[in-house]
Amino acid sequence: MIQVFNVVKMYDGSNPVLDNISLEISKGEFVFLTGPSGAGKTTILKILFGWESFETGQVLVQGINVGKLTHRNVYTLRRSMGFVFQDYKLLPNKTVFENVSFAQEVIGHDQKKIRFKTWEALKNVGLTPKKDAYPAYLSGGEQQRIAIARAMVNSPAIILADEPTGNLDPDIAIEILKLFEELNQKGSTIIFATHSQEIMKAGNHRVINLNRGKVVSS
Amino acid sequence: MIQVFNVVKMYDGSNPVLDNISLEISKGEFVFLTGPSGAGKTTILKILFGWESFETGQVLVQGINVGKLTHRNVYTLRRSMGFVFQDYKLLPNKTVFENVSFAQEVIGHDQKKIRFKTWEALKNVGLTPKKDAYPAYLSGGEQQRIAIARAMVNSPAIILADEPTGNLDPDIAIEILKLFEELNQKGSTIIFATHSQEIMKAGNHRVINLNRGKVVSS
Amino acid sequence: MQTLISGYRTTLSNILSNKQTFLLSVATITIAISILGLFLLLFFNLNGLLSSWNREEQVIVYLDDDISSSQKENLEDIFSNNQQVESTIEVSRETAWAEFQSNVSDNLKPLLSLEFNPLPASYKIRFRSSDNRLSHIREFSKILETQQGVESIEYGEEWISRFEKFMVFSKIFLFAIGGLLSLGLILIISNTIRLSIYSRQDEIELMLLIGATPRFVKIPFLLEGMIQGLAGSVLALFIIGGVHYYLKSKFQSSIDAMGMDFQFIAEPFLFGLIGLSVLVGFMASYISTFQFLYLLNKK
Amino acid sequence: MQTLISGYRTTLSNILSNKQTFLLSVATITIAISILGLFLLLFFNLNGLLSSWNREEQVIVYLDDDISSSQKENLEDIFSNNQQVESTIEVSRETAWAEFQSNVSDNLKPLLSLEFNPLPASYKIRFRSSDNRLSHIREFSKILETQQGVESIEYGEEWISRFEKFMVFSKIFLFAIGGLLSLGLILIISNTIRLSIYSRQDEIELMLLIGATPRFVKIPFLLEGMIQGLAGSVLALFIIGGVHYYLKSKFQSSIDAMGMDFQFIAEPFLFGLIGLSVLVGFMASYISTFQFLYLLNKK
Ligand SMILES: Nc1ncnc2c1ncn2[C@@H]1O[C@H](COP(=O)(O)OP(=O)(O)OP(=O)(O)O)[C@@H](O)[C@H]1O
Ligand SMILES: Nc1ncnc2c1ncn2[C@@H]1O[C@H](COP(=O)(O)OP(=O)(O)OP(=O)(O)O)[C@@H](O)[C@H]1O
Ligand SMILES: [Mg+2]
Ligand SMILES: [Mg+2]
């Protein structure tokens, strides 16, 4: 499903941010990605998503050679994936409902299906009462849950979640983890970047540990 | 130092977000503020900061009656406080160094002092190598640490930290906690909102527990 | 097609969620197009004024008193064969004398006691307006002078040449100013639309990240630019219409006295204005989104 | 003062960190002020043209052949006491006859054989231009007619009235268009500056949150608006100068023939343009920041 071979990524030409990384994640797997701040977790997720280039190496996602994608066809890759951005990336001028439904409009679903699935996703993260609020009027944790709902709403084959529970209290964090596990049960492959020992303990899945751009344990 | 009497805050006129809250925090204290997502932690910090109004009740901070402040003089209150925003609020067009020094320019410090103190603050959060980078080019945890550096740089009498370690790995989180404790030792009063049991255990300070706008335990 | 429909929906919701910048852009376009339109209005009316002055005779051909009718026919043939002659009026000796008598100024009154009619018959000729009218009149006069039966030719060389120069001057200025005005206002409109798109970089980036095709990203912005152009220009036409109506009701009487009518901008130009505005909206959006997509991809 | 200095520093770093929107705003202002300036150029030159036409005599006072010198003095007193008379030229009977002989058109040649000089002496009077010149000339003529020694008065009522009407018409149009143009371009400039400030709401909010005084927040934006206005108008003056130079070198010869010079915008107006632009920059920034601060406080 996801294969990463000897990938090197440098931002400024000197220090590699990813230093000859190799990984393999099979279809239907649930893995935690962890490591200290600045280790390269977000960078590797971005590479899988076709959002960052890399210097050397090979990346295959669902048989697609990510390094070869151009900006004209990268959307084919992204439509099969959901990304929970570390900084949420909610549109401030759209309501909660619109933010979530927007993700489906963009890939051309029809309006009825959109309403239904948006509603479903908001229910999953416990935000139906806030559906008409603008992001600025929500608490940090509520915003994070919209970002999660948006990444899940298309039931993508792969979900890349970048620190999706950083602003959530332990109870809700565990619930969100369960949500990801349900999706995983239904067939989605999940990569879950997190710092939280509690979450990793509760999840009991394979843990990939990064440090300074290298895989320390996997 | 900080006194909150019977404060009620409603955003939309129906459900109170803060429901008759009363608190007292003395000078030099270090308290954790915790509670589930949407409990009202950010709201109460905003009220202490003169950033949100409230319906009824009294708030005294350093002898200032916060409810009576107008937008013309609220800056006097804010200059004695540092706020680590839950969403960082970094300026994307300024470098790390500029973001931190900006907080001092704004209150009119002189240029030499600014350079020195900015440097100091960046060293404390371990970000001197990134000082000329723009926020968009930093990892989530690095951005969070700039926000912390900016809140500390003026050595304010009170620091309101809203979930300052949500995106940090446990090791760095504990270091940051130590930094806050050092400042506390030097006389700053600190309110530290967090979800993390580990941080609260490591800190061993008084914990104020909010739920649905009420103080559950203190 | 599917993309267009959902692009249309997205455009609407974009406009609604960025009301203020949308309105500021439309206001700017409205003002810019109004200025262009008012300039066109000025242009059309000055043109009308200038051409009403053109109505006057420019050459008088005085005839010998003993001109034969075949010579007269010859002259009339020459007039009618000349493409640039607009009209000719024949003035008999009697008419000329009667006219002179009624118009004569006080200090020439003594002449009225003359026992003979000193005035010849004449043709008054009016020429079509054209760029080289003056030189054409000169040449034509030379030909006429050599014709039999022609006593003399009179044309207000000085006045005509001054008038022609004024026309040239006005035209240079109107075209120069008009051209620069159009260019300037087009640049302003596109700058404005670009500024309003600048504030939406995050949105463009997010759309691409969540799997939108580049075309899906562009279409709502292009539509929005075109809607801004359309709305701005239609509002502008109302403003121009209002100004025209006001000026007309206020000054028609004094304009009437000059023998001309307050004209409105000709229809093709009205549609031209709208078209121009929509086109500029489209182009500005196209260039800005293209630029963003390009920058995003380089990153 | 301290606030001003650090405000100045902040302004510079703001401009540097928002280069693109800053440049777009300056470009828009440059274009807008160029348009205004070109219009002023047109205005000054048309005005020059119109007033060169004004140089011609408007009233001729014909004198009795037997006028006494005291009557003449009386007339000259009347002329010199009238504020609106710009100049008078005395034409003796002999000069008039000589002028007539050289100017007479062919068909009036028979008159030249007259044995007496039918023409009277005269004064040619030129009036200052003013709005009610025509009615003043009428009144003045009535007074003169009753004076002893005056034979008759001639003034080209029709031509003067047509010319006056043209002047009025031109002035209405120039002022109307000029006024609307200025207003429109001022609105465009302020819209542009507001759009560019709109993208900085977060910055304003943050500054207030980290303890800036409202004045500290406003000053850099006000300075920035003024700098935009200054830069835009100075660039615009270069453009206007360039256009003027080009038109002059290209068309001076044909303009010369009309007895006038290609004028540049008068200095006070140049400084006026710069001042206007800076003021608009200031006002637009002031209103936008004021609005934000107000909205933030209400929230
Ligand atoms: N666009 C960029 N340009 C330059 N350097 C970058 C860029 N993005 C990230 N970096 C650097 O690359 C390193 C790894 O960043 P990354 O975001 O992958 O870390 P991370 O593991 O996600 O950290 P965190 O837990 O703090 O989010 C960091 O040192 C960061 O400063
Ligand atoms: N500006 C606002 N307008 C309306 N409702 C708001 C606004 N800000 C917050 N709320 C609501 O008030 C409640 C409390 O929000 P608050 O941000 O204080 O929560 P919190 O305890 O900080 O949560 P978290 O841990 O998720 O950050 C939430 O339900 C939120 O939706
Ligand atoms: Mg990260
Ligand atoms: Mg919060």
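Here the closest non-hydrogen pair linking Arg78(A) and Leu208(C) is NH1-O, 3.0 Å. What you find for Ile107(A) and Ile210(C) is that their closest heavy atoms are CG2-O, 3.7 Å.
Neither the backbone nor the side chain of Glu98(A) comes within less than 4.5 Å of any heavy atom of chain C. Interface remark: Leu209(C) contributes backbone and side-chain atoms alike to the contact with chain A (heavy atom separation under 4.5 Å). For Phe49(A), the part lying under 4.5 angstrom from a heavy atom of chain C is the side chain only.
A distance of 10.0 Å separates NZ of Lys94(A) from CG of Leu206(C), quoted to the nearest 0.5 Å. Rounded to the nearest 0.5 angstrom, His71(A) NE2 and Tyr294(C) OH are separated by 10.0 Å.
For Phe221(C), there are no ring pair (Phe, Tyr, Trp, His ring centres under 6.0 Å) partners at least two apart in sequence or on another chain.
For CZ of Arg79(A), the number of neighbouring non-hydrogen atoms (other residues, nucleotides, ligands) closer than 6.0 Å is greater than 12. Residue-environment remark: CZ (Phe22(C)) exceeds the threshold of 12 foreign heavy atoms within 6.0 Å. Remark: Lys248(C) NZ is packed, more than 12 non-hydrogen atoms of other residues, nucleotides or ligands lying under 6.0 Å away. For Tyr11(A), the OH atom counts as densely surrounded, since its 6.0 Å shell holds more than 12 non-hydrogen atoms of other residues, nucleotides or ligands. Residue Phe5(A) qualifies as enclosed at atom CZ: its count of foreign heavy atoms under 6.0 Å is above 12. Counting non-hydrogen atoms of other residues, nucleotides and ligands closer than 6.0 Å to OH of Tyr286(C) gives a total of 12 or fewer.
Within the 4.5 Å cutoff, side-chain heavy atoms of Met207(C) are placed close to those of Phe102(A). Side-chain atoms of Glu205(C) and Trp51(A), non-hydrogen and from C-beta on, do get closer than 4.5 Å to each other.
Using a distance-only test at 3.5 Å, with no hydrogens or angles considered, no donor-acceptor pair links the side chain of Arg72(A) to the main chain of Pro214(C).
Among Asn93(A), Leu77(A), Val106(A), Asn154(A), the residue making the largest number of heavy-atom pairs under 4.5 Å with chain C is Val106(A).
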